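Here the structure is a predicted model, which is why all the values come from computation and not from measurement.
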Amino acid sequence: MKILIVDDQELVLISLEKCLTDLGYEVMTSNSVNDAKEKYDSYMPNLVIADINMPEYTGEVVLNNHEYSINTSSGLDVVHYIKVEKNHDIPVMILSGNNNEDVIEKGFALGATDYMKKPLSLNEIGIRVKRLIGASNISYSVNKNKFIQNKVIGVVIPCYNEEKRLMSEEFKKFVNSNLSYHLCFVNDGSKDNTLDVLYDLKKQNEGRISVYNCEQNGGKAEAVRLGMLHLAKQQQFDYIGFLDADLSTNFEDFDALVDTIKDSNFKIVSGSRITRMGADIEKESARAIISKTINFIIRKTLGMDFKDTQCGAKIMTKDVVEDTFQTKFLTKWLFDVEIFMRMRQKYGLETAKTLLCEKPLDRWVHMDGSKLSFKDSFKILGQIGQIALHYK
């Protein structure tokens, strides 16, 4: 039994292909409408699973003298091709994170057999596929706790001499249970065996983990910038963020940042290590005092009431990456502040305030091995002045 899966997001294709292949089905994938039509004709599947939201096709379709617009839901063109143009009775399951009832109605009017809304349970997909075309000869149960979310997230993780601190098992566990995340590790010219560790991590998790190698050490700001631009070139990501390799901010808190930006008007959601009731924030006391002083000066420079700009966990829309990461940052440690200043330049202060959100973390731990010394903390004051002069 053959299945054709159509989706423009690689992570979705990887997850569905593995799930259905494990269940014993023969699977072919396609990431575009035109390619899907060609593969359908040559492959002649028993079932087609197509995502609605693939903004590639613009046009109108006519069914029973009724005109349907599919300019923003090109997955419906796959349904139209199979059910109307070909007049085939092949079952078609449509997937979507779209709650628009008109779109769902169009899908069924065109002849779709089934509909599933993201987030998708892999277990439920397996059950529905069995109902539509029958079970294979392979007995295999799908993990009921694995879901494909309605947004695909790319995360940049800068690494410099992280061979001993890199928690590979934590990263593997996360990508294998959070199927809509892709981790891009940027090796910032490490002098130890970090690159080998990263390639080994990628080898075991192809498609979910990638490595961007910078041969020369350029500092965290440049590593993050290059990694963010690298991911922004890929169509599949709805949001892109960055996270410290030591996981001082854990994945649970990062996922909370993603939940905050989803379906909101925010363009950036930034983690904040503000101590609050119930939070588990651990930091050396002297470092905390210096940080508070620096943060006060940064707030005055920005003109925004950010309690913590320097937290290494942020998520943003792709257009922010494309607009604010094209040129190198001026400073070694304060590129986070520069991101906000560039947003202020582009949108104006008052509008920028509405596009930036600061979300407190439930947990943040200062990890041993930090590259920033107390002496370096005082150099930051000079960098704040440099930022103020350049961006104002």
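- Residues Trp333 and Ile297 share a hydrophobic cluster, clusters being chains of Ile/Leu/Val/Met/Phe/Trp/Tyr side chains in contact below 4.5 Å.
- With hydrogens and angles ignored, the 3.5 Å screen pairs no side-chain donor or acceptor of Arg344 with any backbone N or O of Leu349.
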Would Lys37 and Asp77 count as a side-chain contact (heavy atoms from CB on, under 4.5 Å) if you check the C-alpha gap in whole Å, the side-chain angles of each, and the deciding distance to 0.1 Å?
CA-CA 9 Å; Lys37 291 178 181 179; Asp77 188 46; 2.9 Å; yes

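- Considering Leu16, Leu23, Asp114 as possible partners of Ile125, the one that fulfils the side chain to side chain contact (heavy atoms under 4.5 Å, CB included) test is Leu16.
- Side chains of Ser96 and Asn53: a donor-acceptor N/O pair is present below 3.5 angstrom, by distance only.
- Across every non-hydrogen atom of Gly271 and Leu361, the tightest pair is CA-CD2, 4.0 Å.
- Side-chain contact between Val175 and Ile209 is present, with heavy atoms from C-beta onward closer than 4.5 Å.
- Interatomic distance, NZ of Lys233 versus CD of Glu322, reported as 11.0 Å (0.5 Å rounding).
- For the atom pair Asn187 CG and Asn213 CG, the distance stands at 5.0 Å (nearest 0.5 Å).
- Judged as a ring-ring contact (aromatic ring centres under 6.0 Å, His included), and not counting sequence neighbours, the contacts of Tyr212 are His230.
- Of the options Leu95, Asp7, Asn178, Leu120, a side chain to side chain contact (heavy atoms under 4.5 Å, CB included) to Ile148 is made by Leu120 and by none of the others.
- Residues Tyr25 and Lys2 are not in side-chain contact: their nearest non-hydrogen atoms beyond the backbone lie 4.5 Å or more apart.
- Annotation for Ile315 and Leu257: closest pair CG2-O, 3.7 Å, computed over non-hydrogen atoms.
- Under the rule for a side chain to side chain donor-acceptor pair (under 3.5 Å), the partners of Glu169 that lie at least two apart in sequence or sit in another chain are Lys172.
- Atom CD1 of Ile14 is separated from atom CG of Asn205 by 10.5 Å, given to the nearest 0.5 angstrom.
- For Asp8 and Gln235, the side-chain atoms include at least one donor-acceptor pair closer than 3.5 Å.
- Within a 6.0 Å sphere centred on NZ of Lys173, heavy atoms belonging to other residues, nucleotides or ligands number 12 at most.
- Screening Asp192, Asn193, Asp188 against Ser190 for a side chain to side chain contact (heavy atoms under 4.5 Å, CB included) leaves a single residue, Asp192.
- Ion pairing of Lys86 with Asp41 is present here, as a side-chain N (NZ or NE/NH1/NH2) and a carboxylate O approach within less than 4.0 Å.
- Taking 4.5 Å as the limit, every side-chain heavy atom of Val321 sits out of range of all side-chain heavy atoms of Leu231.
- Under the 3.5 Å distance criterion, the side-chain polar atoms of Ser264 are matched with a main-chain donor or acceptor of Ile261.
- Separation of atoms CZ (Arg299) and CG (Asp308) is listed at 10.0 Å; rounding is to 0.5 Å.
- Remark: Thr331 pairs with Glu338 by the side chain to side chain donor-acceptor pair (under 3.5 Å) rule, at least two apart or across chains.
- Hydrophobic clustering (side-chain heavy atoms under 4.5 Å, transitive across Ile, Leu, Val, Met, Phe, Trp, Tyr) keeps Ile3 apart from Ile127.
- Distance alone, capped at 3.5 Å, places no donor-acceptor pair between the Glu358 side chain and the Ser272 backbone.
- Using a 4.0 Å cut-off between charged side-chain N and carboxylate O, Asp238 and Lys262 make no salt bridge.
- Looking at Arg165, its side chain never comes within 3.5 Å of a backbone N or O of Ala245 through a donor-acceptor pair.
- Counting non-hydrogen atoms of neighbouring residues, nucleotides and ligands closer than 6.0 angstrom, the CD atom of Gln216 reaches no more than 12 such neighbours.
- Taking the six-membered ring where the residue is Trp, Phe251 and Phe174 present parallel rings, their angle staying beneath 30° rather than reaching 60°.
- Atom CZ of Phe108 is surrounded by more than 12 heavy atoms from other residues, nucleotides or ligands within 6.0 Å.
- The NZ atom of Lys307 sits 12.5 Å away from the OG atom of Ser270 when rounded to the nearest 0.5 Å.
- Residues Met304 and Leu356 meet the side-chain proximity criterion, which asks for heavy atoms closer than 4.5 Å.
- Under the 3.5 Å distance criterion, the side-chain polar atoms of Arg208 are left unmatched by any main-chain donor or acceptor of His182.
- The existence of a salt bridge linking Arg128 and Glu124 is confirmed by a sub-4.0 Å separation between a basic side-chain nitrogen and an acidic carboxylate oxygen.
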Kindly determine whether Asn34 and Glu38 satisfy side chain to side chain donor-acceptor pair (under 3.5 Å), including the steps that lead there.
CA-CA 7 Å; Asn34 291 332; Glu38 293 178 4; over 6 Å; no

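- Qualifying ring-ring contact (aromatic ring centres under 6.0 Å, His included) partners for Tyr81, counting only residues two or more places apart in sequence or in other chains: none.
- Partners of His88 under the ring-ring contact (aromatic ring centres under 6.0 Å, His included) rule, at least two apart in sequence or in another chain, are Tyr40.
- Looking at every heavy atom in both residues, Leu47 comes nearest to Pro91 through CD1-O, 3.3 Å.
- With a 4.5 Å cut-off on side-chain heavy atoms, Met1 and Val129 do not count as touching.
- The existence of a salt bridge linking Asp35 and Lys39 is confirmed by a sub-4.0 Å separation between a basic side-chain nitrogen and an acidic carboxylate oxygen.
- Rounding to the nearest 0.5 angstrom, the gap separating the CZ atom in Phe171 from the CG atom in Leu198 is 9.0 Å.
- More than 12 heavy atoms of other residues, nucleotides or ligands sit less than 6.0 Å from atom NZ of Lys117.
- Counting only N and O atoms by type, the side chains of Ser248 and Asp246 include a donor and acceptor under 3.5 Å apart.
- In terms of modelled atom types and a separation under 3.5 Å, the side chain of Asn250 and the main chain of Asp253 share a donor-acceptor contact.
- Judged by distance alone, the side chain of Lys328 and the main-chain N or O of Phe325 form no donor-acceptor pair under 3.5 Å.
- Taking the charged nitrogens against the carboxylate oxygens, Asp259 and Lys151 have no contact shorter than 4.0 Å, which rules out a salt bridge.
- Side-chain atoms of Asp255 and Tyr181 form a donor-acceptor pair, as typed in the model, at a separation below 3.5 Å.
- One N or O on the side chain of Gln236 and one on the backbone of Leu11 form a donor-acceptor pair closer than 3.5 Å.
- Glu350 meets the salt bridge (Lys or Arg N to Asp or Glu O under 4.0 Å) test with Lys353; sequence neighbours excluded.
- A cation-pi arrangement is not found for Lys318 relative to Tyr239, the charged atom failing to lie both closer than 6.0 Å to the ring centre and inside a 45° cone about the ring normal.
- Side chain of Glu10 to backbone of Gly207: no donor-acceptor contact under 3.5 angstrom is found.
- Listed for the Ser30 side chain is a donor-acceptor partner under 3.5 Å among the backbone atoms of Ala36.
- Considering every non-hydrogen atom in both Cys159 and Thr194, the closest pair reads CB-CG2, 4.0 Å.
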